[in-house]
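Both backbone and side-chain heavy atoms feed into the values below; hydrogens, waters and symmetry mates do not. All chains are named by letter (A, B, ...) in the order of the sequence lines, taking the proteins before the strands, and each is independently numbered beginning at 1.
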There are 2 protein chains.
Amino acid sequence: MKVTREQAAANRDKIVDVASTLFRKHGFDGIGVADIMKGAGLTHGGFYGHFDSKDDLAAEACTRALSREWLKSAAESSEAGGLEAIIRAYLSPRHRSDRARGCLFAAVGSDIVRQPRAVRRAVTNGFQSLIDSLRSYMPGRSPAARRKQALATMAGLIGALILSRAVDDPTLSDEILESATATFGRRQDEAS
Amino acid sequence: MKVTREQAAANRDKIVDVASTLFRKHGFDGIGVADIMKGAGLTHGGFYGHFDSKDDLAAEACTRALSREWLKSAAESSEAGGLEAIIRAYLSPRHRSDRARGCLFAAVGSDIVRQPRAVRRAVTNGFQSLIDSLRSYMPGRSPAARRKQALATMAGLIGALILSRAVDDPTLSDEILESATATFGRRQDEAS
DNA sequence: TGTACATCAGTGAACGCGCGTTCACTGATGTAC
DNA sequence: TGTACATCAGTGAACGCGCGTTCACTGATGTAC
């Protein structure tokens with residue numbers, strides 16, 4: 001059953017959107033093409049009319065996930081709070097429990113190194129622009145210092161969120177989030 | 001072909017060792033039972049004489065990986081340098097390129113949340129003892145403050161190593177390691 | 001200590017399942033007149 | 001504007017492969033006498 005060109009484009013877009021959430025929820029190996037297509041309201045056979053391979057979709061899905069990056073939207077919506085508010089939002093229980101729509105790096109970060117070139121390239125580009133967005137919120141004196149701070153802070157946030165999810169003990173999980181919020185939030189208070 | 005009881009125990013031990021490196025290198029889903037057994041010099045059929053399932057082995061392999069944890073040995077061998085030396089070793093290019101024998105959290109951290117209960121429990125226990133080891137190196141005044149610092153620092157190190165591996169650009173990768181080394185190393189200089 | 005037998009660690013073929021990918025087909029879309 | 005036909009987005013069956021797991025079998029170990 002053919003479909004309008006606009007409908008086809010919308011379908012493709014939906015597939016990428018769904019994939020970007022399902023990959024984050026289940027990991028690259030934890031979700032199949034058939035389930036992604038079902039999530040987009042289609043059947044698996046039509047997949048290869050839109051993409052060359054599952055890896056090809058993964059690369060696009062990563063770009064999509066990073067363009068709607070959690071941190072980015074938090075940053076843009078919290079003009080008031082600035083860096084402190086971004087950190088609090090990133091390290092919130094809400095973000096911890098919403099893997100599918102949260103930060104790509106926290107969701108599949110340690111698997112990226114094992115992905116094909118196209119995926120890693122997409123992720124690298126997304127990360128660069130993420131750091132660029134975050135840089136302006138940093139308290140350092142020079143632009144170079146702010147960039148360094150953005151890199152280290154991002155690392156701290158991602159690591160803390162990953163650990164808070166990995167751990168089986170809710171008390172320890174909360175403790176990780178609170179310690180990281182205090183540490184990474186305080187450091188910039190001192191410097192500003 | 002039966003084998004000495006000691007030999008059988010040694011074989012089991014070897015399987016766990018090999019698994020702990022191969023899981024870190026390829027991820028839980030990226031390596032199969034047959035390849036792990038081959039790595040231990042055995043054939044896949046004998047696997048279920050030693051373990052109930054692949055997940056069962058994964059739990060043991062995580063415990064093993066964390067008992068020989070990179071950071072732990074770095075800490076114990078660097079009485080001189082203290083925290084600074086530990087951080088430098090953790091964030092070294094050497095550790096970045098040696099996933100198979102490096103930190104479990106940096107290798108498969110974002111996948112742990114998707115693993116069965118036994119694996120998450122093993123990881124949680126290993127993490128608790130890791131933090132306990134690291135705590136004494138921290139500069140905070142009270143024990144509680146030192147623990148908080150240990151948690152946040154560990155998060156920063158893990159996040160930085162994951163990012164440095166994920167990224168496709170060697171320059172950016174180095175920049176991440178250097179920024180994190182400077183930031184997490186410096187903070188404690190200020191406090192001490 | 002030596003012999004006979006039971007045990008059981010390890011082997012390799014086989015099973016069942018899920019997954020990525022292919023393909024012949026369908027029928028609505030979009031175009032040529 | 002209306003009609004006839006070509007295009008092609010989507011369908012669902014099928015293929016091939018790898019993986020976790022099972023099982024009948026082998027032969028060295030370890031035990032009973």
From B:Leu104 atom CG to A:Ser110 atom OG, the distance as rounded to the nearest 0.5 Å: 9.0 Å
Under 4.0 Å between any heavy atoms, over every strand shown, what does [X] touch: base, sugar-phosphate, or nothing? Just pick one.
{"X": "B:Ile31", "answer": "sugar-phosphate"}
{"X": "A:His50", "answer": "sugar-phosphate"}
{"X": "B:Gly32", "answer": "sugar-phosphate"}

Salt bridge between [X] and [Y], side-chain N to carboxylate O under 4.0 Å?
{"X": "A:Arg88", "Y": "A:Glu84", "answer": "yes"}
{"X": "A:Asp17", "Y": "A:Lys14", "answer": "no"}
{"X": "A:Asp29", "Y": "A:Arg114", "answer": "no"}
{"X": "A:Arg96", "Y": "A:Asp174", "answer": "yes"}
{"X": "A:Arg147", "Y": "B:Glu175", "answer": "yes"}
{"X": "A:Asp98", "Y": "A:Lys25", "answer": "no"}

Dot-bracket notation for DNA chain C is requested: 5' to 3', Watson-Crick or G-U wobble pairs only, both distances under 3.5 Å, with ( ), [ ], | and . as defined. .||||||||||||||||||||||||||||||||
What range of DNA chain C does chain B touch, first nucleotide to last, counting atoms under 4.0 Å from its heavy atoms? C:dT7 to C:dA14
Between the side chains of B:Arg146 and B:Ser142, does any donor sit under 3.5 Å from an acceptor? no
Here's a test of your reading of the structure: between B:Asp35 and B:Lys2, which maps to the more 5' nucleotide of DNA chain D? B:Asp35
